[in-house]
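Beneath this line is the structure, given in structure tokens, with notes to follow.
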Number of protein chains: 2
Amino acid sequence: MADPSGWTAELISARRSLARSSTAAKVADILRDMVMEGRVLPGAKLAEDSIADALQVSRNTLREAFRLLSHERLVVHELNRGVFVRVLTEADVVDIYRMRRALEGAALQFWGESADAGRGRAPGVSHVRSAVTMGVAAAERGDWDGVGTANMHFHRSIAALADSTRIDEIMSQLLAELRLAFHVMPTVRDFYEPYIGDNERIATLVEAGRSQEAVAVLLDYLNRAEDQLLRQFASKAGQPSAQADSAST
Amino acid sequence: MADPSGWTAELISARRSLARSSTAAKVADILRDMVMEGRVLPGAKLAEDSIADALQVSRNTLREAFRLLSHERLVVHELNRGVFVRVLTEADVVDIYRMRRALEGAALQFWGESADAGRGRAPGVSHVRSAVTMGVAAAERGDWDGVGTANMHFHRSIAALADSTRIDEIMSQLLAELRLAFHVMPTVRDFYEPYIGDNERIATLVEAGRSQEAVAVLLDYLNRAEDQLLRQFASKAGQPSAQADSAST
DNA sequence: GCCTAAGGTTTGTTGAACGATCCTGCAATG
DNA sequence: CATTGCAGGATCGTTCAACAAACCTTAGGC
């Protein structure tokens, strides 16, 4: 009998394409992407009729999709008024960074105490490094959106050192939330440029198994990034609100 | 003019009862409570028709409620098959404790580094202590459900030292998920009794501002609790599955 | 400018209908 | 006996239409 692992291995890799999902879940995916990519800005109203018409789905299906999104903090569901893209507040930013310090800091610290740290080349560490490489390359070609994307990959790979699906999921949500702030920021370059070297330093320390130092640099970075973002909020405080947009206009 | 703070204070306290919520959200609350209290066991199917009939709501409203619940990991939504109360796996337990070590550990550590720790009687600390008191009293009267509830309050108050609504929320969800395991456990006393003294020790260390030692005791507790729970899973591995219950039977 | 009322719009819920999918039971076959 | 195939029934997912409730906008009066 010929080795079956060849063609059954192909079946295994084909499994992903069999995944079905409900229309409500698909609609939620579409809306989430539009929000995360800034094609619908914070404050915008997601009007049921126009979206249901545009996507050619029933209003009930759309409502299910809204309910699916409501836990992700990208939209806010206001009773009898509808669903809106979240406007991130300063308190949100403070809370998000508080949680990032807890999760990313703990992930890095516990990883450092584990057996893997003595072998600096574990799989998770290579993801940390490749995110740095990606960010440096994007910066060199002036692609600041790409720098931001690489930075998100970097921080997700730090958290992923914890090897926890729950932590991965929460981390994704936190970074998605932060994107809401960036969509209304004057320029992304000003935010990311100062920190490219930090990621490089952290990666090097991680590879060397010097996790306590890596934690210190990481926490320092998170503190500075939080401060910078809050300063952006403060400098916008006097400007008129340009965020009351609607999906129907 | 008489002091208005008396009757306006009553208005303020009555505000909570004015909070409106949609029927879908109310239905989700009812179902969540039933799952968390073990009135519907893990593996049970939440059949649309019978629940909609029982609650006298439309099937569409119930479906919205299911979608509201789907992020909380208490139920699992299977396409074309329905919604089921989650059966917690060993991998779930490992992941939950991994995240608890990250969150509770970080909350306690960062709190220790903050200005509050030198004043061991900050508001959050009193909640830690009162949860301990509550647990000891419950144990003395043999109320082991009460001990479990107090233990949950204890760990939530530890995480709440982080002063983060997101951390509080995640912590609540993690502890709710763990309840799923306890609903199918032979006896809760065996689980909690060994740990009452740990909570006492942690609280005393927190009050004394000795946060590093408190972190060490906490992490040790979490490791032991995880091991014990996993041993319970292993000892159940050969038993027939009594979990394929249905809400309609 | 402020307040009130009326009208229009939108949301939340309901119920019925239909198609797709799954589950169960039974029969046929090797 | 084990496996496969088929039919029927049950359930889920989606759609549609309808209606009531709540909100928003506009117009008029003071």
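Just so it is clear: chains get the letters A, B, ... in the order the sequence lines come, proteins before strands, and each one is counted from 1. Atom set for the values below is all heavy atoms of this structure, side chains included, hydrogens, waters and symmetry mates excluded.
- Distances shorter than 4.0 Å separate none of the side-chain N or O atoms of A/Arg81 from OP1 or OP2 on C/dT11.
- Whole-Å rounding puts the B/Glu48 CD to D/dT14 P distance at 11 Å.
- For the atom pair CE of B/Met152 and CE of B/Met134, the computed distance is 10.0 Å after rounding to the nearest 0.5 Å.
- Under 3.5 Å, the side chains of A/Asp92 and A/Thr89 contain a donor-acceptor pair of N or O atoms.
- When the ring pair (Phe, Tyr, Trp, His ring centres under 6.0 Å) test is applied to A/Tyr195, the partners found at least two apart in sequence or on another chain are A/Phe191, A/Tyr221.
- Atom pair A/Asn80:CG and C/dG12:C1' shows a separation of 7 Å (rounding to whole Å applied).
- Atoms CG (B/Leu46) and P (D/dT11) sit 14 Å apart, rounded to a whole Å.
- For C/dC22, the OP1/OP2 oxygens have no side-chain nitrogen or oxygen of B/Lys45 closer than 4.0 Å.
- With no hydrogens or angles considered, no side-chain donor-acceptor pair links B/Thr165 and A/Arg98 at under 3.5 Å.
- With 3.5 Å as the limit, one finds no donor-acceptor pair spanning the side chains of B/Asn60 and A/Arg63.
- B/Glu72 has its side chain within reach of A/His71: a pair of non-hydrogen atoms, C-beta onward, lies under 4.5 Å apart.
- Taken residue by residue, residues 69-79 of chain A places heavy atoms nearer than 4.0 Å to DNA chain C at A/His77, A/Glu78, A/Leu79.
- We find that CZ of A/Arg67 is positioned 17 Å from P of D/dG13, with the value rounded to whole Å.
- We find that B/Asp33 and B/Arg39 are not joined by a salt bridge, their nearest charged nitrogen and carboxylate oxygen being 4.0 Å or further apart.
- Salt-bridge formation is not detected for the pair A/Arg156/A/Asp168: no Lys NZ or Arg NE/NH1/NH2 atom is positioned less than 4.0 Å from an Asp or Glu carboxylate oxygen.
- The nearest whole Å value for the distance from the CZ atom in A/Arg63 to the C1' atom in D/dG13 is 17 Å.
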Measure all distances between protein nitrogen or oxygen atoms and nitrogen or oxygen atoms of nucleotides 15-17 of chain D, and list the pairs falling under 3.5 Å.
unit_1 : atom_1 : unit_2  : atom_2 : d
D/dT15 : OP2    : A/Ser58 : N      : 2.9
D/dT15 : OP2    : A/Thr61 : OG1    : 2.5
D/dT15 : O4     : B/Asn60 : OD1    : 3.4
D/dC16 : N4     : A/Asn60 : OD1    : 2.4

